[in-house]
Amino acid sequence: MHELSVAAALLEWAEEQSRIHAPRVLRSIELELDPMSCLNPEALRFGFTALTAETPLAGVALDLVSIPPTWECRLCGTRLAVPDSPSSCSGCGAPLPRLARESSLKIRSIEVDGP
Amino acid sequence: MKVPYENKVLSKNDRIASDVRRHLMARGIVALNLIGSPGSGKTSLVERTAAWCHGRVAAAALTGDQATCHDADRIERAGIPAIQITTGSECHLNAQRILDCVGRDELWDIELLLIENVGNLICPAAYDLGEAAKVAILSVPEGDDKPLKYPGLFKRADLMVISKIDLLGSNDFDAGRAEANAREVAPHIEVVRLSCRTGEGLEGWTRWLAGQLAQTAPLTARQA
């Protein structure tokens, strides 16, 4: 539902990266997306393509990698990335960590032209 | 050439939410993010909570809606300061909205901040507001299958409130099944059943609230 605003934030970040790495040209962005992120990969890709059309970033590819969600222990804060709710914390043994609070779209790497 | 970014979080909201969380913790404020469908009883629960807080806990509320200040008016009448956040076209509150409010007079010297989100089971779940806990509110008329249909919220919630239990029996809602469905998607979730209309079960909610407040108090003392 918020793919377009996420795509806009991504565009802003990509523009900054383009400036940092100039004169090399940004080719692709590798993102991690977990199934609990409430983001539809196709809608995100569509939004990014629409926003970058006819700009210097047109054609920059989004490489979306699916990762398991992150769970967080409510007592000690240990984090664990596994597909299903873990029954206990791997750090302190407390029962039933919850899904981590923050959104789960993370940038893993970018690909730029040149050496 | 590949440039690694070590899982840099893109979301500006997450960064603002961390600031809000630090700010609230430093002031010893427990913030609760109340999320449920329109009409699930969020405002009624805030009103009941306001009455319980009287003479016990200094509290205030932020309430989000697309339009009107009906909810803030209702909550103020129930006895605690309330700030209405009108979101216009937005279907959820975000951390910036909370940050814009935390310095206001109404929120000075409080211990409990009740944040009533925009009525919606989907989008608010994805936006961290810097709260200490998320509370999912599911009312009897909505049906007991909602935790299975909207797992994003229930997986993130610390507590599920089954509201309007005075209406049990008027439809096929089975409170036991609702709990089982919630635990299927979120084994950690705590559950209370209550009716704001009759007052039945409210002690379960206030006990949970007292627990949340007690967890924060020692933390504040340690930091002081």
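Just so it is clear: chains get the letters A, B, ... in the order the sequence lines come, proteins before strands, and each one is counted from 1.
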Per-residue contact mode, E12(A) against chain B (heavy atom under 4.5 angstrom) | neither
Can you measure from NZ (K2(B)) to OG (S28(A)) and round to the nearest 0.5 angstrom?
-> 8.0 Å
Y5(B) and I107(A): which non-hydrogen atoms are nearest, and at how many Å?
-> CB-O, 3.7 Å
Measuring from W71(A):CH2 to H188(B):NE2, what's the distance to the nearest 0.5 Å?
-> 8.0 Å
Here the pair of heavy atoms bringing S109(A) nearest to P4(B) is CB-CA, 3.9 Å
Do any of residues 92-101 of chain B come closer than 4.5 Å to chain A, heavy atom to heavy atom, and if so which ones, in number order?
-> H92(B)
If one checks every heavy atom of P97(A) against chain B at 4.5 Å, the contacting part turns out to be backbone
If one checks every heavy atom of R21(B) against chain A at 4.5 Å, the contacting part turns out to be side chain
Mind checking what makes side-chain hydrogen bond (donor to acceptor under 3.5 Å, both in side chains) contact with D174(B), not counting sequence neighbours?
-> none
Hey, are the side chains of R98(A) and K134(B) touching, using non-hydrogen atoms and a 4.5 Å cut-off?
-> no
